[in-house]
Amino acid sequence: MSNNLSFLRVQGLAKRYAPSAPPVFEDVSFDIEQGEFVCVIGHSGCGKSTILNVLAGLESASEGHAFINNREISGPGLERGVVFQGHALMPWLTVLENVLFAVQSRYPDWSKVDRIDHAKRFIAMVGLSQAEHKKPSELSGGMKQRVGIARAFAIEPKMLLLDEPFGALDALTRGVIQDELLKICAATHQTVFMITHDVDEAILLSDKIMLMSNGPRARIAEVVANPLPKNRTRAGMHHDPQFYPLRNHLVDFLVHRSN
């Protein structure tokens with residue numbers, strides 16, 4: 001597929017916060033094809049979240065351009081769903097109402113019944129049907145993150161942007177939600193751009209992994225294709241002979257080669 005037809009195209013992106021300061025990152029260029037799951041790994045301060053915010057339309061770059069379907073990103077849009085590490089739920093609304101709020105924005109012409117049915121489908125998809133009338137204060141951290149994921153998927157975005165959405169969760173909860181995410185992405189052929197610090201998470205979830213050098217003047221130092229077959233599981237991937245060479249390569253980059 002030629003670059004002109006890439007679903008997401010990022011060209012020469014740079015960000016500086018003061019005219020005299022060196023850029024946090026510079027000359028960042030990459031393509032993502034429709035249906036690809038891409039993880040970005042790098043140390044704190046290399047600008048990963050800023051790149052995601054540019055793709056979300058929440059922040060502007062100092063240089064460069066980003067395009068979805070050949071249309072330049074110039075602000076937030078409902079074709080992009082965003083999930084942050086903090087769940088960002090409205091505390092006065094129930095689970096159902098939080099998801100409905102997004103559905104109403106996306107499908108204002110639908111009937112109330114259709115919007116509720118649609119919202120409930122995505123709440124069920126993340127396993128929260130029994131909690132749809134609870135407010136965020138009544139939910140665990142993992143359940144709140146599931147609501148955030150359901151809300152992001154309910155607008156049926158062309159692209160999902162995930163900024164360390166599982167970083168604050170315990171390992172067991174994290175594993176359960178990773179499994180839910182993999183299932184939903186497989187069912188919807190979802191395009192995903194995800195930031196993570198967790199090497200194993202990147203190997204489990206992604207089709208390719210982008211490695212960022214340290215800031216300032218951070219760059220994408222390497223893009224690694226994930227050689228493990230698609231239907232991987234946390235329990236099974238450690239038995240794949242390609243797992244440890246890939247994991248060692250990623251860890252070696254973070255420890256020794258990211259400067």
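The figures here come from the full heavy-atom set of this structure, side chains too, leaving out hydrogens, waters and symmetry mates.
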Roughly how far, to the nearest 0.5 Å, is CZ of F84 from OG of S49?
8.5 Å
So does D200 pair up with R234, basic N to acidic O under 4.0 Å?
no
OG1-CG distance between T233 and L204, expressed to the nearest 0.5 angstrom:
8.0 Å
Checking side-chain polar atoms at under 3.5 Å, does Q11 have a donor or acceptor matched by the opposite partner on H65?
no
Would you check if the side chain of R232 reaches a backbone N or O of I203 as a donor-acceptor pair within less than 3.5 Å?
yes
When you compare the side chains of E164 and T196, does any donor N or O come within less than 3.5 Å of an acceptor on the partner?
no
What verdict does the salt bridge (charged side-chain N to carboxylate O under 4.0 Å, His left out) test give for K230 and D207, after you've listed the backbone C-alpha separation in whole Å, the side-chain angles of each residue and the deciding distance to 0.1 Å?
CA-CA 8 Å; K230 268 278 203 189; D207 299 309; 2.7 Å; yes
To the closest 0.5 Å, what do you measure between CG (L128) and NZ (K144)?
12.5 Å
Measure the shortest side-chain to side-chain distance between L89 and P136 over non-hydrogen atoms and say whether it is less than 4.5 angstrom.
yes
Okay, side chain of T188, backbone of I184: is any donor-acceptor separation there less than 3.5 Å?
yes
Judged by atom type as modelled, is there a donor-acceptor pair below 3.5 Å linking the side chain of N98 to the main-chain atoms of T94?
yes
F67 ring center near F7 ring center (under 6.0 Å):
no
Look at the side chain of R80 and the backbone N and O of L55, then say whether any donor-acceptor pair between them is shorter than 3.5 Å.
yes
Please tell me if the side chains of M194 and L205 come closer than 4.5 Å, counting only heavy atoms from C-beta onward.
yes
For K158, does the NZ atom have more than 12 heavy-atom neighbours from other residues, nucleotides or ligands under 6.0 Å away?
no
Are D198 and R174 ion-paired here, with the side-chain N under 4.0 Å from a carboxylate O?
yes
Side chains of E59 and K15 in contact at under 4.5 Å (non-hydrogen atoms):
yes
Measuring from atom CG of L139 to atom CD of Q145, what distance do you get when rounded to the nearest 0.5 angstrom?
11.5 Å
State, without any angle test, whether H133 and E97 hold a side-chain donor-acceptor pair at a distance under 3.5 Å.
no
N/O donor-acceptor pair under 3.5 Å between T191 side chain and M159 backbone
no
May I ask you to test the L162-V192 pair for a side-chain heavy-atom distance under 4.5 Å?
yes
Are K120 and E132 ion-paired here, with the side-chain N under 4.0 Å from a carboxylate O?
yes
Can you spot which of V38, L8, V40 makes a side-chain contact (heavy atoms from CB on, under 4.5 Å) with F30?
L8
CD1 on I209 to CG on L250, rounded to 0.5 Å
4.5 Å
Any heavy-atom pair between the side chains of P227 and L246 that's under 4.5 Å?
yes
Got a donor-acceptor contact below 3.5 angstrom from the E26 side chain to the P23 backbone?
no
Contact between P165 and V83 at the side-chain level, heavy atoms closer than 4.5 Å - yes or no?
yes
Given D27 and R219, is the salt bridge (charged side-chain N to carboxylate O under 4.0 Å, His left out) satisfied, shown in steps?
CA-CA 7 Å; D27 198 26; R219 293 171 179 262; 3.2 Å; yes
Looking only at side chains, do N53 and T50 share a donor and an acceptor under 3.5 Å apart?
no
Treating Ile, Leu, Val, Met, Phe, Trp and Tyr as nodes and any side-chain heavy-atom pair under 4.5 angstrom as an edge, say whether F25 and V10 lie in one connected cluster.
yes
Between OG of S206 and CG of N226, what distance do you get to the nearest 0.5 Å?
5.0 Å
Would you confirm whether R106, through its side chain, and I155, through its main-chain N or O, come within 3.5 Å as a donor-acceptor pair?
yes
Show every ring pair (Phe, Tyr, Trp, His ring centres under 6.0 Å) that has at least one partner inside residues 102-132, sequence neighbours left out.
Y107-W110, Y107-H118, W110-H118, H118-F122
P76 to G57 - nearest heavy-atom pair and separation:
CD-O, 3.2 Å
